[in-house]
Amino acid sequence: MMHEIRSFSIMQTAKVMGVIYFILSVIPEVIFSIGAIFRGHFERAIGFLIFGPPIYAILGFTLSVIAMFIYNEVSDRMGGIQFDIVPKG
């Protein structure tokens with residue numbers, strides 16, 4: 001049986017994506033910080049850790065708002081993403 005995603009809640013989806021981007025950015029920011037410390041740039045390392053994840057979260061939120069708005073407009077005209085759900089087992 002085919003199902004279709006007709007629209008996304010823009011703000012809820014953007015909030016979730018912002019948090020996901022924040023979490024996913026922590027690991028690279030720690031790596032960048034370690035590299036900066038080894039090069040003698042302690043201030044830059046702190047900057048990566050303090051400003052990196054929030055910047056990623058803001059960008060993830062903002063771009064998700066734009067993407068969900070576009071998706072909702074396109075799905076109204078062309079139909080949404082279709083997928084099939086099969087019972088497990």
Is Met11 reachable from Val16 through a run of hydrophobic residues whose side-chain heavy atoms are each under 4.5 Å from the next?
no
Smallest heavy-atom separation, Ser75 atom then Gly80 atom, equals CB-CA, 3.8 Å
Main chain of Phe22, side chain of Ser25: is a donor-acceptor contact present, judged purely on distance under 3.5 Å?
yes
Can you name the closest pair of heavy atoms from Asp84 and Met1 and give their distance?
OD1-O, 2.7 Å
Students should find that the hydrophobic cluster of Ile37, defined by side-chain heavy atoms under 4.5 Å apart, otherwise consists of Phe42, Ile46, Ile50, Phe51, Ile55, Leu59
Working to the nearest 0.5 Å, report the span between CD of Gln82 and CE of Met2.
4.5 Å
Should Val26 and Leu24 be counted in the same cluster of Ile, Leu, Val, Met, Phe, Trp and Tyr side chains packed under 4.5 Å apart?
no
When clusters are formed by joining ILVMFWY residues with side-chain heavy atoms under 4.5 Å apart, either directly or through shared neighbours, do Ile20 and Ile27 land in the same one?
no
Do Phe38 and Leu49 land in one hydrophobic cluster if side-chain heavy atoms of ILVMFWY residues count as linked below 4.5 Å?
yes
Say whether, by atom type as modelled, one donor and one acceptor occur between the side chain of Tyr71 and the main chain of Ile81 under 3.5 angstrom.
yes
Working to the nearest 0.5 angstrom, can you tell me the gap between Ile85 CD1 and His3 NE2?
4.0 Å
Over 12 non-hydrogen atoms of neighbours within 6.0 angstrom of CE in Met78
no
Any donor-acceptor pair under 3.5 Å linking the side chain of Ser64 with the backbone of Ala14?
no
Can you tell me if CZ on Phe83 sees more than 12 non-hydrogen neighbours from other groups inside 6.0 Å?
yes
Rounded to the nearest 0.5 Å, what's the gap from OG on Ser33 to CZ on Arg44? Could you check?
11.0 Å
Might you point out which heavy atoms bring Tyr21 and Tyr56 nearest each other, and give the distance in Å?
CB-O, 3.6 Å
Sequence neighbours excluded, which residues qualify as salt bridge (charged side-chain N to carboxylate O under 4.0 Å, His left out) partners of Glu43?
none
Testing the basics here: between Met68 and Ile10, what is the closest heavy-atom pair and its distance to 0.1 Å?
CB-CG1, 4.0 Å
For atom CZ of Phe61, decide whether the heavy atoms of other residues, nucleotides or ligands shown that lie under 6.0 angstrom number more than 12.
yes
For a quick test of reading the model, state the closest non-hydrogen atom pair linking Arg6 to Asn72 and the distance between them.
O-OD1, 4.3 Å
